[in-house]
Enquirer: 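First the structure, which I've put down as structure tokens, then a few questions once you've had a look.
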Amino acid sequence: MNLKFIPIDFSSFDYDGKNFIKLYGRDSKGLRVCVIDSFNPFIWAILDKKLKDSDIERIISKVSKITIDSSAGRISKVLNVEVHDKSFLGRNVKALKIFLSNYKDSQKFADNLNIKGIIKRREHDINTVHKYLLDKNITPLRWYDVSGKVLGDRDVPSSENLGGIASSLNVDLVFLAEEFSLVNDSSVKDSFAPKVLAIDIESDDLEIGKGKITMISLVSEGFEKVITWKSPASAKKLKFVESFSSEKSMLEEFVNIINKLSPDVITGFFSDSFDLPYIRSRSEKLGVSLGLSLDTSVNGLKFSGGKNRHVRIEGIPHVDIHRFIAVNYSQYLQSETLTLNEISSELLGEKKHDFVIRPSSKLTPDDWLEFFKYNLKDSVLTLKLFNKFLPDLLEFSRIMKKPLFEVSRDGMSTHVEDFIVSNLHRFNEIIEKRPIHEEISSRRGRDSYVGAFVLQPTPGLYEDLAVFDFTSYWPSIISSFNLSRSTILPKRSKDSLTVSIDKNKDYYFSKTKGFFPQLLEEIILLRKKFKTHLKNSPDDPIIKARSNAYKLLANAAYGYQGFFGARYYCPEASASTTAISRDFIKEVISKAEKFGLTPIYGDTDSIMFSLNKKPHKEALDFLTIINKSLPGIMELDLEDFYSRGLWVTTRGGELGAKKKYALMNNSGKLKIRGFETVRRDWCLLARELQNDILRMILSDGNHVRALAHTKEVIKKLKDGKVSLKEIIIKTQLKKSIKEYKSLGPHVVAAKLMVDAGLPVDPGALMEYFITQPELNSKGKPAKGSKRIGDRVALPNDSRPYDKDYYLNNQVLPAVENIFQVFNIKIDELIAGVSQKKLF
DNA sequence: GTTCGAGTCGTACC
DNA sequence: ACGGGTACGACTCGAAC
């Protein structure tokens with residue numbers, strides 16, 4: 001029998017001492033299927049090169065006899081041993097492929113391979129499902145033709161029905177696989193629209209499990225519901241609300257609805273850390289069985305991870321969409337806080353339902369209606385966000401060959417590693433091991449290497465600029481110069497390239513292309529290809545997702561090689577990458593000068609020039625000349641032409657500040673980097689003023705209008721007409737309060753919140769403003785009012801803001817070095833208003 | 001009691 | 001534990017005066 005099948009979630013189990021994989025998914029009719037497959041797990045033992053055939057025979061015979069008697073009463077054996085010619089870190093090796101009866105004991109087998117002649121043991125540290133996917137070359141979320149037979153059928157003899165596993169699986173069909181073949185028909189290849197369920201809870205205490213869950217919203221396509229046990233008479237007015245007699249019966253209905261809807265994916269916003277832990281905690285307290293898993297013998301939710309907890313439901317991937325966005329896209333978003341409201345506003349153009357949560361006891365019947373709508377809207381937004389990122393999630397899962405559950409939580413380095421690992425079979429490579437404790441701590445202790453070159457700008461207002469940048473600069477260097485763990489050489493050779501890090505330090509790399517640089521080149525070229533595709537079909541979400549995925553991979557590849565947790569860690573390659581990057585950018589700068597362009601500023605891979613009245617075409621000619629001289633896949637590109645640009649000095653210094661500039665292109669679009677305008681830890685009053693004057697200066701070419709505007713704002717501040725919203729300062733609490741050595745204003749704010757009984761967790765954004773100091777008899781700040789921190793007030797504080805602080809520590813610092821470019825001093829800014837009157 | 005500089009901390013750039 | 005280094009700048013805190 002044949003089955004058209006798409007695998008969505010995976011899990012492993014063993015029966016009769018052998019490993020099996022459960023692949024949960026759908027068939028072409030939409031039935032929920034669990035395909036069961038067996039596989040022959042193995043690990044590798046790399047042999048000493050000097051071994052004779054007879055030595056190898058002796059080792060094989062020793063290895064074959066290894067048995068593991070695990071504490072669980074399980075006895076695992078070596079089933080077979082094969083000799084293979086393999087590659088390890090680019091070198092040819094002889095290795096034993098050791099097949100095990102049970103992969104659960106792979107680590108113990110590896111420990112027992114401490115045999116003379118075996119120099120390395122590998123691939124025992126890859127988890128069972130991943131090992132299976134790699135070995136069988138199965139990609140999640142792609143359609144397969146599977147041959148096999150239906151389990152649970154009367155025709156299948158009990159000796160073959162794996163202990164009657166079919167009866168414990170909550171699916172339409174259980175299928176025992178024989179063979180998988182990928183469906184290549186392009187019309188069905190990418191066609192999969194999973195049924196997604198979004199959930200969101202409200203509780204009367206934010207601390208997990210402390211309060212009660214007052215309501216839960218569940219939203220899927222064509223389905224909107226809020227279930228609650230708080231049932232004011234008014235609830236009947238809303239069709240989507242269903243009331244229950246108790247929190248317990250509401251939770252039971254939560255399970256019923258999910259089982260009835262049969263979603264392929266469950267999503268939530270921050271649900272790994274809040275909604276699902278809360279649901280579990282309340283269910284345990286109230287004795288509700290969370291029968292959500294598709295394998296009824298695996299009950300409830302599975303929690304893993306310490307600080308960053310993951311909640312797994314077997315068979316139904318749970319995706320915390322907040323986590324996926326935070327890890328992969330936060331650096332590309334404008335949102336300063338990754339809240340549902342802010343991300344939805346930016347990406348969906350939609351906000352949360354307007355309602356301020358208050359304690360249950362203070363809610364009127366009409367308030368409850370708004371609360372129900374609010375709860376429903378949160379799930380609606382979560383579902384929309386999920387759908388927006390669905391193409392990306394699917395592509396990530398396919399490209400990295402990792403289940404949705406994992407890939408939606410993995411960090412960038414894991415993505416890079418998974419991509420590499422899933423392609424190593426093409427290079428006949430044995431996978432390197434992940435570092436363990438001592439190795440990690442020694443790597444973490446290494447000295448840092450020198451990074452990018454940043455050109456010191458000369459402060460001033462410039463006209464007519466061209467900006468060039470290298471496309472995928474660091475990855476293109478890694479690829480073009482073959483910088484990686486498997487290509488670094490201990491010493492110079494005929495076939496080597498020397499990279500000088502500094503006067504005393506050289507590194508050598510082979511000229512024979514290694515797998516890491518090779519795969520990185522493929523990533524860059526794929527990224528380029530899909531980017532071009534995207535220009536022709538800008539609305540194709542799949543092309544967009546692919547382009548995105550390869551872009552993220554390329555950008556993370558450099559960081560990966562310097563990351564202590566990487567299998568293919570190579571800080572020498574990282575140091576060489578940055579050294580080469582410094583050389584090239586400096587060479588472009590000096591060539592440009594000879595060409596008649598004046599370099600103003602540059603950072604890492606970009607360089608900005610004043611055109612000196614030259615036509616744009618000459619800048620493009622310069623690009624062509626440079627590109628002819630670049631090796632490999634390196635490429636310098638035009639970023640844009642700008643009509644004006646502004647650079648300022650550092651605070652209190654003479655030299656130009658790096659990483660801080662403002663540009664306006666020929667169509668009037670602003671590009672502001674590094675200035676207080678773009679920093680969330682400055683108050684809005686200062687940020688908006690600075691943004692306004694930068695726009696004025698860049699469009700006018702002088703400071704006149706900007707100066708007048710600044711004076712108006714200062715007057716507004718002095719007149720006390722500034723709103724609370726404009727003076728709130730937001731700073732993130734990065735660790736727990738007691739870990740701080742220095743008690744800055746935001747730590748003081750956190751303490752005030754704790755005193756007020758509000759929960760404060762690391763990672764939260766503290767919001768506060770600065771009040772006036774208490775004065776002593778001499779009119780000077782009183783003892784306990786010296787530090788800024790002593791004057792911190794939470795937003796609900798009714799005391800007035802400190803005009804002096806906001807003038808001297810926020811507004812003036814944000815504008816003074818901009819006006820300094822035009823030789824305007826601070827006293828001229830505040831001139832025209834008498835100190836006495838205003839303070 | 002005031003001044004100063006090293007150290008802590010957060011955020012941004014690429 | 002879950003890319004990297006470079007850079008700016010506010011604020012604290014204790015030593016030095």
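The basis for the numbers below is simple: all heavy atoms, side chains too, and nothing from hydrogens, waters or symmetry mates. In this text the structure is predicted, and so the values were computed from the model without any measurement.
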Enquirer: Check every atom of C:dA7, B:dC14, C:dG4 against the side chain of A:Arg673 and return the nucleotide holding the closest atom.
Expert: B:dC14
Enquirer: Base, sugar-phosphate alone, or nothing: which one does A:Ser448 contact when heavy atoms must sit under 4.0 Å apart?
Expert: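 Result for A:Ser448 = sugar-phosphate.
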Enquirer: For the pair made of CD in A:Glu739 and P in B:dG7, what is the distance, rounded to whole Å?
Expert: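 Interatomic distance, CD of A:Glu739 to P of B:dG7: 21 Å.
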Enquirer: Report the residues that fulfil side-chain contact (heavy atoms from CB on, under 4.5 Å) with A:Tyr473, sequence neighbours left out, ordered by chain and then residue number.
Expert: A:Phe470, A:Ile477, A:Ser581, A:Phe584, A:Ile585, A:Asp605, A:Met634
Enquirer: Which parts of residues 438-446 of chain A get close to DNA chain C, meaning a heavy atom less than 4.0 angstrom away?
Expert: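 When residues 438-446 of chain A is checked for heavy atoms under 4.0 Å from DNA chain C, the hits, listed by number, are A:Arg444, A:Arg446.
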Enquirer: With nearest nucleotides of DNA chain C determined for A:Val450 and A:Phe563 from heavy-atom distances, which residue corresponds to the more 5′ nucleotide?
Expert: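 By nearest-heavy-atom nucleotide position, the 5'-most residue is A:Phe563.
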Enquirer: Provide, to the nearest angstrom, the distance between the CE atom belonging to A:Met412 and the P atom belonging to B:dC14.
Expert: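 These atoms are roughly 19 Å apart.
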Enquirer: Which is true for A:Gly451 with a 4.0 Å heavy-atom rule: it touches a base, it touches only sugar-phosphate, or it touches nothing?
Expert: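 Sugar-phosphate only.
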Enquirer: If the condition is salt bridge (Lys or Arg N to Asp or Glu O under 4.0 Å), which residues does A:Lys505 pass it with, not counting sequence neighbours?
Expert: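 Partners of A:Lys505 by the salt bridge (Lys or Arg N to Asp or Glu O under 4.0 Å) criterion come out as none, since no residue qualifies.
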Enquirer: Can a side chain N or O of A:His746 be found less than 4.0 Å away from OP1 or OP2 on B:dG10?
Expert: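 Checking B:dG10 against A:His746, a side-chain N or O does come within under 4.0 Å of OP1 or OP2.
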Enquirer: Applying salt bridge (Lys or Arg N to Asp or Glu O under 4.0 Å), can you list everything that pairs with A:Arg673, at least two apart in sequence or on another chain?
Expert: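 Salt bridge (Lys or Arg N to Asp or Glu O under 4.0 Å) check on A:Arg673 returns nothing, list empty.
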Enquirer: Using the salt bridge (Lys or Arg N to Asp or Glu O under 4.0 Å) criterion, which residues pair with A:Lys528? Sequence neighbours excluded.
Expert: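 Here the qualifying residues are A:Glu635.
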Enquirer: Got a sec, which pairs hit salt bridge (Lys or Arg N to Asp or Glu O under 4.0 Å) with one end in residues 400-413 of chain A, sequence neighbours left out?
Expert: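 Qualifying pairs, neighbours excluded: A:Asp272-A:Arg409, A:Lys402-A:Asp410, A:Lys402-A:Asp418.
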Enquirer: Mind listing the residues from residues 599-607 of chain A sitting with a heavy atom below 4.0 Å of DNA chain B? Number order is fine.
Expert: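 Heavy-atom contacts with DNA chain B come from A:Asp603, A:Thr604, A:Asp605.
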Enquirer: How long is the line joining CE of A:Met400 and P of C:dC2, in whole Å?
Expert: 19 Å
Enquirer: Check the angle between the aromatic planes of A:Tyr601 and A:Trp647 and answer parallel, tilted or perpendicular using the 30° and 60° thresholds.
Expert: tilted
Enquirer: Once each nucleotide of nucleotides 8-17 of chain C is scored for protein heavy atoms under 4.0 Å, what B/S/- sequence comes out, 5' to 3'?
Expert: SSSSSS----
Enquirer: May I ask you to evaluate whether A:Arg409 reaches the phosphate of C:dC2, defined as a side-chain N or O under 4.0 Å from OP1 or OP2?
Expert: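 No.
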Enquirer: Which of the following nucleotides, C:dG4, B:dC14, B:dA12, is nearest to the side chain of A:Val678?
Expert: B:dA12
Enquirer: Could you tell me whether the side chain of A:Thr650 and the main chain of A:Ala657 form a donor-acceptor pair under 3.5 Å?
Expert: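 Between the backbone of A:Ala657 and the side chain of A:Thr650 there is no qualifying donor-acceptor contact (under 3.5 Å).
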Enquirer: Quick one: A:Ile501 CD1 to C:dG5 C1', roughly how many Å, whole number?
Expert: 14 Å
Enquirer: Measure the spacing between CG of A:Leu393 and CZ of A:Arg398 and express it to the nearest 0.5 Å.
Expert: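 Between A:Leu393 CG and A:Arg398 CZ, I get 11.0 Å after rounding to 0.5 Å.
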Enquirer: For A:Gln561 and C:dG5, give me the distance from atom CD to atom C1', rounded to whole Å.
Expert: 15 Å
Enquirer: Is the phosphate of B:dC14 approached by A:Tyr661 (side-chain N or O, under 4.0 Å from OP1 or OP2)?
Expert: yes
Enquirer: For A:Phe453, report the nucleic acid contact type (base, sugar-phosphate, nothing); a contact means any heavy atom under 4.0 Å.
Expert: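 Answer is nothing: A:Phe453 stays at 4.0 Å or more from every strand.
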Enquirer: Go through residues 465-484 of chain A and report each residue with a non-hydrogen atom lying under 4.0 Å from DNA chain B, sorted by number.
Expert: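 The answer is none.
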Enquirer: Using the side-chain contact (heavy atoms from CB on, under 4.5 Å) definition, which of the options A:Met412, A:His415, A:Glu417 pairs with A:Tyr560?
Expert: A:Glu417
Enquirer: When you measure from the side chain of A:Ser413, which nucleotide among C:dG3, C:dA7, C:dG5 comes out closest?
Expert: C:dG3
Enquirer: For A:Glu438, what residues pass the side-chain contact (heavy atoms from CB on, under 4.5 Å) criterion, not counting sequence neighbours?
Expert: none
Enquirer: Verify the contact: side-chain N or O of A:Tyr569 to OP1 or OP2 of C:dG4, cut-off strictly under 4.0 Å; return yes or no.
Expert: no
Enquirer: Is the cationic atom of A:Lys671 (NZ for Lys, CZ for Arg) positioned less than 6.0 Å from the six-membered ring centroid of A:Tyr642 and within 45 degrees of its normal?
Expert: no
Enquirer: Run the side-chain contact (heavy atoms from CB on, under 4.5 Å) test against A:Asn691 and tell me which residues pass, sequence neighbours left out.
Expert: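 Residues passing side-chain contact (heavy atoms from CB on, under 4.5 Å) with A:Asn691: A:Leu670, A:Ile672, A:Thr677, A:Arg695.
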Enquirer: Quantified in whole Å, what is the P atom distance between nucleotide C:dC2 and nucleotide B:dG10?
Expert: 16 Å
Enquirer: What's A:Gly562 touching, base or sugar-phosphate or nothing? Going by heavy atoms closer than 4.0 Å.
Expert: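 Result for A:Gly562 = sugar-phosphate.
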Enquirer: Should the pair A:Phe389 and A:Tyr329 be assigned to parallel (<30°), tilted (30 to 60°) or perpendicular (>60°) ring geometry?
Expert: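 Ring orientation of A:Phe389 relative to A:Tyr329: tilted.
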Enquirer: Show your reasoning for whether salt bridge (charged side-chain N to carboxylate O under 4.0 Å, His left out) applies to A:Lys734 and A:Glu739.
Expert: CA-CA 10 Å; A:Lys734 306 280 276 189; A:Glu739 287 177 84; over 6 Å; no
Enquirer: Not counting sequence neighbours, list each pair that qualifies as a salt bridge (Lys or Arg N to Asp or Glu O under 4.0 Å) and has a residue in residues 441-451 of chain A.
Expert: A:Glu439-A:Arg443
Enquirer: How would you label the contact of A:Ala452 with the nucleic acid (heavy atoms, under 4.0 Å): base, sugar-phosphate, or nothing?
Expert: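 Sugar-phosphate, backbone atoms only, no base.
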Enquirer: Tell me the interatomic distance from A:Ile585, atom CD1, to B:dC13, atom P, rounded to whole angstroms.
Expert: 18 Å
Enquirer: Hey, is NZ on A:Lys725 packed in by over 12 heavy atoms from elsewhere, all under 6.0 Å?
Expert: no
Enquirer: Tell me: CG of A:Asp272 to P of C:dC2, nearest whole Å?
Expert: 16 Å
Enquirer: Between P on C:dC2 and CD1 on A:Ile420, what's the gap in Å once rounded to a whole number?
Expert: 21 Å
